[in-house]
> 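Let me begin by handing over the structure; questions about it come next.
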Amino acid sequence: MVNQPVLAANDRVAERNRGYFKGLGLLVMNVVSSPGSGKTTLLQRTVAGLGSRLRTGVIVGDLETDNDARRLREAGARAVQITTGTLCHLEAGMVARALTALDPRSLDVLIIENVGNLVCPAAFDLGEELRVVVLSVTEGEDKPLKYPPIFSTADVVIVSKMDLADAVGIQMDVLRANIRRASPRAEIFELSAKTGAGVDAWCDFIAARRAASA
Ligand code: MG
Ligand code: ZN
C-alpha cells in the first residue's frame, strides 16, 4: 500500500505540473502498461508518425538502463531517461526534475513512458492530460478486469501487437467488452507497432488533442 501523505504530496506536485503544461499548451500523456507490452516500440512509431507535424519529447522511466531513451532518440525524439532504482512507478516530482533537460517550451507533445507496472502507477498522478494504458494481445482477455484502478482512470486504451492476435488466439470480442467495462470513458485503439497498422489513427488522435489543448 502507498501511504496517504506520500500521495497527497505527489498530488500537489502533479497539480503544479498540470498548470505548467497548460500554460505552455503542451499535451502530456502518461503511458502505462505491464512490462513487455511493446510500449517503447509503439512510442518509436508514434514519435516517427508525429515527426513532421509536432515536436515530441519523451521522459522514460525504468528501474535501470537508458536503453529505451536511446531507442527513442534514434526515432527522432528528444528523450530523457529516469532510472528509479527500486521504485516501480514514476512520481510527479521526478517528472518535474526531468523536464528541465527537455526544454519543454519548444515542445508540442510530451510523452511519459512510465515504469512497466499496472498497479501503483494508477495512484500517482503526474499532471498528465491523458492517461494511456497499453495492453498487448499476448496478455489475454482478462487484464482489464484484474487491474481496475489503472483501467478505470484511463483516457485511452491501446491494444497493441494486433499482428499477433490470430497466433495467440485472443477473443477480440471478449477483450473489447472487458475494456469497455473496465474503462467506460476511454478511447480505444487497436494497432500494431510492428506493421504500422492503426498507428496513423492514433497519431491523428494525438494531433487533434494537441490542437484542442493549445
Ligand atoms: Mg520501455
Ligand atoms: Zn510503484
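Order of appearance sets the numbers: ligands from 1, and atoms from 1 within every ligand. What you see is a predicted model, and the numbers here were worked out from it, not measured in a lab.
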> Angle at the Zn ion (ligand 2) between SG of Cys120 and ND1 of His89, to 10°?
120°

> Between Asp108 and Arg55 (salt bridge meaning N to carboxylate O under 4.0 Å), is one present in this structure?
yes

> Glu113: which N/O/S atom is nearest the Mg ion (ligand 1)?
OE2

> I'd like the atom name of the N/O/S atom in Asp68 lying closest to the Mg ion (ligand 1).
OD2

> Examine Leu99 and Ile112 and state if one hydrophobic cluster contains both, with Ile, Leu, Val, Met, Phe, Trp and Tyr joined whenever side-chain heavy atoms are less than 4.5 Å apart.
yes

> Is a donor on one side and an acceptor on the other found under 3.5 Å between the side chain of Asn117 and the backbone of Cys88?
yes

> State whether Thr40 contributes an N/O/S atom found under 2.8 Å from the Mg ion (ligand 1).
yes

> Is there a path of hydrophobic side-chain contacts, each under 4.5 Å between heavy atoms of I, L, V, M, F, W or Y residues, that connects Ile111 with Leu54?
yes

